[in-house]
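In this text the structure is predicted, and so the values were computed from the model without any measurement.
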Amino acid sequence: MIRLENIVKRYPTRAGAHTVLNGVSVEVRKGDKLGVLGRNGAGKSTLIRIISGAELPNGGRVTRQMAVSWPLAFGGAFQGSLTGLDNIRFICRVYGADFHAARPFVEDFSELGKYLREPVKTYSSGMRARLAFAISMAIEFDCFLIDEVIAVGDTRFHEKCRRELFEKRSDRAMIIVSHEAHNIREHCSRACVLHDGLLREFADIDAAYSDYERT
């Protein structure tokens, strides 16, 4: 279970503190598929970072009782001077995963070949995203955080990612934030709208979409 209780997040600006999240509360249980709709700048990525633990709130409490992924395809945590393989080894150690079991999966899935032995700072943004997604699939998380639906690489690789995440791991909990309603309709069973710092949950996805259209 993941529970957010009265989460508040503010950022300093030249005009004073700007409140992005203002008392957000929500609960996600094992196997839940929660979609969060919001316009650009509504605070969706901030919410995902707080759930993952990458960022701390100014107020409120986050309770995590299941293993939570980082935002999928996010490669910002890589150590640039280390090779792809060294980054895999380091991340496995942090998450208590078996590097020797994860390595062949990442090598096969990422399709980076010889570049896994090169420093990550030499990678293109697409290569970093492929490595990050592959490592995410190699570690057995209970809940996946998805900041917009994954669109890594070309159409063939994108379909490969979709099968790996949404078909092979359909029993896992997922939190998907997006400004595209069709992403929420396709993958989620619950939906919320994030607007003016408040998170409103609706009885069904159509009701959430109708509210989102009015924001």
Grouping I, L, V, M, F, W and Y whenever their side-chain heavy atoms are under 4.5 Å apart, do Leu198 and Val36 come out in a common cluster? no
Side-chain heavy-atom pair Ile175, Ile48 within 4.5 angstrom cut-off: yes
With the 4.5 Å side-chain cut-off for hydrophobic clustering, are Val106 and Leu85 part of the same group? yes
Whether Arg172 and Asp142 form a salt bridge (side-chain N of Lys/Arg under 4.0 Å from carboxylate O of Asp/Glu) is what I want to check. no
For residues Arg64 and Ile50, report the shortest heavy-atom separation together with the two atoms involved. NH2-O, 3.0 Å
What distance separates Met66 CE from Cys143 SG, expressed to the nearest 0.5 Å? 4.5 Å
Looking at every non-hydrogen atom in both residues, tell me the closest pair between Gln79 and Val120 and how far apart they are. O-CB, 4.2 Å
Find the distance between NZ (Lys33) and CD1 (Ile205) and round it off to the nearest 0.5 Å. 12.0 Å
Whether Asp206 and Arg185 form a salt bridge (side-chain N of Lys/Arg under 4.0 Å from carboxylate O of Asp/Glu) is what I want to check. yes
Working to the nearest 0.5 angstrom, can you tell me the gap between Leu112 CG and Tyr123 OH? 5.5 Å
Sorted by chain and number, sequence neighbours left out, salt bridge (charged side-chain N to carboxylate O under 4.0 Å, His left out) with Glu27 holds for Arg3, Arg29
Write down the atom of Ala17, the atom of Arg10, and the distance for their closest heavy-atom approach. CB-CD, 4.4 Å
To the nearest 0.5 Å, how far apart are OG in Ser45 and CD in Glu55? 10.0 Å
Heavy-atom check, side chain of Phe109 versus side chain of Lys160, under 4.5 Å: yes
Taking the side chain as every heavy atom from C-beta outward, state whether Leu194 and Leu37 have any pair of such atoms under 4.5 Å apart. no
Checking side-chain contact (heavy atoms from CB on, under 4.5 Å) for the pair Ser25/Asn6: CA distance, chi angles, key distance, verdict? CA-CA 5 Å; Ser25 297; Asn6 298 313; 3.5 Å; yes
Just checking, Arg39 and Tyr212: is the charged tip under 6.0 Å from the six-membered ring centre and within 45° of the axis? yes
Sorted by chain and number, sequence neighbours left out, ring pair (Phe, Tyr, Trp, His ring centres under 6.0 Å) with Tyr95 holds for Trp70, Phe141
Please identify each residue that fulfils salt bridge (charged side-chain N to carboxylate O under 4.0 Å, His left out) with Lys44, with sequence neighbours left out. none
So Arg89 and Cys92, do their side chains get closer than 4.5 Å, heavy atoms only? no
Hydrophobic cluster membership, with links at side-chain heavy-atom distances under 4.5 Å among I/L/V/M/F/W/Y: are Tyr115 and Leu82 in one? no
Find the distance between CG (Leu116) and CE (Met127) and round it off to the nearest 0.5 Å. 8.0 Å
Basic-acidic side-chain contact under 4.0 Å: Glu118, Lys114: no
Shortest non-hydrogen contact from Leu199 to Cys192? CD1-CB, 3.6 Å
Is a donor on one side and an acceptor on the other found under 3.5 Å between the side chain of Asp32 and the backbone of Leu34? no
Is there a path of hydrophobic side-chain contacts, each under 4.5 Å between heavy atoms, that joins Ile139 and Phe105? yes
Would a 4.5 Å heavy-atom cut-off, applied to side chains only, mark Met174 and His187 as touching? no
Is any side-chain heavy atom of Ile91 less than 4.5 Å from a side-chain heavy atom of Phe99? no
Does any non-hydrogen side-chain atom of Leu47 lie less than 4.5 Å from one of Leu21? yes
Evaluate Arg117 against Glu107 for salt bridge (charged side-chain N to carboxylate O under 4.0 Å, His left out), listing each step before the verdict. CA-CA 11 Å; Arg117 291 162 178 79; Glu107 286 181 325; 3.8 Å; yes
Taking the six-membered ring where the residue is Trp, are the ring centres of Phe133 and Phe157 under 6.0 Å apart? no
Out of curiosity, Ile88 CD1 to Leu131 CG, how far, rounded to the nearest 0.5 Å? 5.5 Å
Regarding Arg156 and Glu159, does a basic nitrogen lie under 4.0 Å from an acidic carboxylate oxygen? no
May I ask you to say whether Glu164 pairs ionically with Lys168, meaning some side-chain N is under 4.0 Å from a carboxylate O? yes
Taking the side chain as C-beta and beyond, is there a heavy-atom pair between Met1 and Lys30 under 4.5 Å? no
Could you pull out the closest heavy-atom pair between Phe144 and Ser136, with the gap in Å? CE2-O, 3.7 Å
For His100, I'd like to know if atom NE2 has over 12 heavy atoms of other residues, nucleotides or ligands within 6.0 Å. no
Shared ILVMFWY cluster between Ile2 and Val26, side chains joined below 4.5 angstrom? yes
In sequence, state the C-alpha distance, the side-chain angles, and the governing distance for Leu165 and Met137, and then conclude on side-chain contact (heavy atoms from CB on, under 4.5 Å). CA-CA 7 Å; Leu165 177 60; Met137 296 297 101; 3.9 Å; yes
Could you pull out the closest heavy-atom pair between Leu145 and Ser52, with the gap in Å? CD1-CB, 3.4 Å
Hey, does the side chain of Thr19 reach the backbone of Asn22 with a donor-acceptor pair shorter than 3.5 angstrom? no
Answer yes if the side chains of Asp86 and Thr83 hold a donor-acceptor pair under 3.5 Å, and no otherwise. yes
